[in-house]
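One structure is given below, encoded as structure tokens.
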Amino acid sequence: MLQRRPLPSVVRFNQVLGQLVKLKQFEAVLSLNRQMGLVGIASDAYTLNITMNCYCHLNQMEYALSVLAHFFKLGLHITVSTFNTLIHGFVLRNRVADAARLFSKMVVGGHCQPDVVTFSILIKGFCAIRNNTAAIQLLGKMEANGCEPNIITYNTIIDSLGKDTLVDQAKNLFAEMIGRGIAPNVVTYTSLIQGVCNIGNWKEATRLLNEMASQGIFPNVFTFSVLIDALCKEGRVMQAKSVVQIMVQRGIEPNTITYSSLMDGHCLRGEMDEAKRVFDLMVAKGSVVNVQSCNILINGQAEKDR
């Protein structure tokens with residue numbers, strides 16, 4: 001394309017860059033973009049957004065920020081999607097403070113108004129660093145900005161609260177969500193079930209499972225794995241195996257997480273032969289054997305040999 005005369009338009013190049021991004025060829029995108037500049041093909045807003053996205057994926061956030069400067073320099077219109085790309089890039093690298101600063105500059109500078117994606121990305125970032133308070137505060141700011149939270153926004157915070165055993169707060173948020181007319185899904189219930197299992201409230205876990213069924217929402221492999229993991233951690237391996245049987249009867253195949261939880265449960269009870277049998281079954285069923293699975297067996301054997 002670069003050898004053609006006359007040169008194709010920037011639109012044609014953007015199509016090629018877009019295809020390369022879909023293939024995750026981020027370095028190739030940046031290389032082609034540099035060559036475009038050398039032969040005099042000026043970037044437009046679409047080109048810059050693609051370039052910024054590639055820098056974010058390559059963990060080159062300072063270069064990504066320099067692309068934002070080009071928007072201002074060229075007088076190009078900056079959309080909320082541009083800021084979302086940058087904020088998401090910072091969150092992916094666990095640089096949540098930088099993401100929050102950019103969010104503030106975006107709002108205070110009046111460049112554009114954040115949308116539900118912007119808020120959800122930053123909320124996810126705060127939850128990732130266990131700052132649930134900041135996440136909930138940001139949720140409150142959404143409505144003030146005329147932005148309605150969606151199921152993803154609520155699920156992110158409910159999941160984080162459940163993992164931190166802040167079950168009452170998670171339930172309050174659940175009630176708020178329903179009050180807004182947002183219907184819970186299997187992810188919402190799985191997060192709540194994990195929360196109550198973490199504090200050993202099996203009665204409430206059972207109630208939530210029944211409530212799911214009454215709403216026509218059926219547990220998936222992740223829901224069952226949460227239950228199995230919690231049971232195994234309490235040494236209730238036989239009950240965990242019963243849950244696995246229910247899974248299989250419903251046509252849901254256990255995954256690596258499920259098998260690893262069972263192995264861990266047996267190891268905690270010093271039942272290494274049983275743990276190895278679960279490992280062999282996992283391999284026979286074609287589940288992915290990862291480092292964690294192997295470490296469970298190694299650590300279990302080491303603990304038993306002490």
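Since this is a predicted model, take the numbers as computed values, not measurements.
- For the pair Ile199/Val167, a side-chain contact is recorded, criterion being any heavy-atom separation below 4.5 Å from C-beta on.
- Using modelled atom types, no side-chain atom of Ser160 and backbone atom of Thr156 make a donor-acceptor pair closer than 3.5 Å.
- Taking the six-membered ring for Trp and thresholds of 30 and 60 degrees, Tyr189 and Phe174 have ring planes more than 60 degrees apart, a perpendicular arrangement.
- In this structure, Cys56 and His88 have side chains that are not in contact, with every pair of non-hydrogen atoms separated by 4.5 Å or more.
- Residues Glu303 and Cys267 form no side-chain contact, since every pair of their non-hydrogen atoms from C-beta on lies 4.5 Å or further apart.
- The shortest side-chain heavy-atom distance between Met61 and Phe90 falls under the 4.5 Å cut-off.
- Following chains of ILVMFWY side-chain contacts shorter than 4.5 Å, one cannot reach Leu92 starting from Leu102, and the two form parts of different hydrophobic clusters.
- Between Cys294 and Val289, the shortest heavy-atom distance links the atoms SG-CG1, 3.8 Å.
- Taking hydrophobic clusters as Ile, Leu, Val, Met, Phe, Trp and Tyr residues chained together by side-chain heavy-atom distances below 4.5 Å, Val80 does not share a cluster with Val108.
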I'd like to know whether Ser261 forms a side-chain hydrogen bond (donor to acceptor under 3.5 Å, both in side chains) with Asp264, so could you lay out the CA-CA distance, the side-chain angles of the two residues, the decisive distance to 0.1 Å, and finally the verdict.
CA-CA 5 Å; Ser261 296; Asp264 196 35; over 6 Å; no
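- No more than 12 heavy atoms of other residues, nucleotides or ligands shown are found within 6.0 angstrom of CD1 on Ile152.
- Val244 and Pro254 get closest at one heavy-atom pair: CG1-CG, 4.1 Å.
- For Ser66 (side chain) and Tyr63 (main-chain N/O), a donor-acceptor pair under 3.5 Å exists by modelled atom type.
- For the pair Leu192 and Ala170, the tightest heavy-atom approach, listed with the atom from each and the gap, is CD2-CB, 4.0 Å.
- Across all their heavy atoms, Ala205 and Leu227 have their closest contact at CB-CD2, 4.5 Å.
- Sequence neighbours left out, not one pair with a member in residues 26-41 passes salt bridge (charged side-chain N to carboxylate O under 4.0 Å, His left out).
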Given side-chain hydrogen bond (donor to acceptor under 3.5 Å, both in side chains), test Asn185 with Asn155 step by step and report yes or no.
CA-CA 9 Å; Asn185 59 18; Asn155 281 350; 3.2 Å; yes
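- In this structure a side-chain-to-backbone donor-acceptor pair under 3.5 Å is missing from Ser225 to Phe222.
- Lys233 and Asp229 are joined by a salt bridge, as a carboxylate oxygen and a charged side-chain nitrogen come within less than 4.0 angstrom of each other.
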With salt bridge (Lys or Arg N to Asp or Glu O under 4.0 Å) as the criterion, how do Lys171 and Asp168 come out once you've worked through the C-alpha distance, each side chain's angles and the decisive distance to 0.1 Å?
CA-CA 5 Å; Lys171 285 182 176 179; Asp168 288 339; 5.3 Å; no
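- Residue Cys54 forms a side chain to side chain contact (heavy atoms under 4.5 Å, CB included) with just one option from Val21, Asn33, Val67, and that option is Val21.
- In this structure, Phe103 and Phe119 have perpendicular ring planes: the angle between them is above 60°, well past the 30° mark.
- For Phe218 and Phe224, the distance between ring centers is not under 6.0 angstrom.
- Put simply, Val291 and Met282 are part of two different groups of oily side chains (I, L, V, M, F, W, Y) that touch within less than 4.5 Å, one to the next.
- Across every non-hydrogen atom of Met263 and Ala275, the tightest pair is CG-O, 3.5 Å.
- With hydrophobic clusters built from ILVMFWY side chains whose heavy atoms lie under 4.5 angstrom apart, Tyr46 shares a cluster with Phe83.
- The minimum heavy-atom distance linking Ile252 with Pro219 is given by the pair CD1-O, 3.5 Å.
- A salt bridge does not link Glu271 to Lys276: none of the charged side-chain nitrogens sits closer than 4.0 Å to a carboxylate oxygen.
- Other residues, nucleotides and ligands contribute only 12 or fewer heavy atoms inside 6.0 Å of the CD atom of Glu143.
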Working note: Glu274 + Arg269, criterion salt bridge (Lys or Arg N to Asp or Glu O under 4.0 Å); need CA distance, chi angles, decisive distance, verdict.
CA-CA 10 Å; Glu274 288 296 323; Arg269 292 164 59 93; over 6 Å; no
For a side-chain hydrogen bond (donor to acceptor under 3.5 Å, both in side chains) check, start with the C-alpha distance between Asn150 and Thr153, then their side-chain angles and the critical distance, and finish with the verdict.
CA-CA 5 Å; Asn150 59 22; Thr153 318; 2.8 Å; yes
Show your reasoning for whether salt bridge (Lys or Arg N to Asp or Glu O under 4.0 Å) applies to Arg277 and Asp273.
CA-CA 6 Å; Arg277 271 193 277 273; Asp273 289 341; 5.4 Å; no
Please test Tyr154 against Glu176 for side-chain hydrogen bond (donor to acceptor under 3.5 Å, both in side chains), starting from the C-alpha separation and ending with a verdict.
CA-CA 9 Å; Tyr154 277 106; Glu176 179 187 309; 2.7 Å; yes
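- Of the possible polar contacts, none joining the Asn53 side chain to the Asn49 backbone as a donor-acceptor pair under 3.5 Å is found.
- At least one test fails for Arg207 against the ring of Trp202: distance under 6.0 Å to the centre or angle within 45° of the axis.
- Note: the hydrophobic cluster containing Leu268 does not contain Leu297 (ILVMFWY, side chain heavy atoms under 4.5 Å, direct or indirect links).
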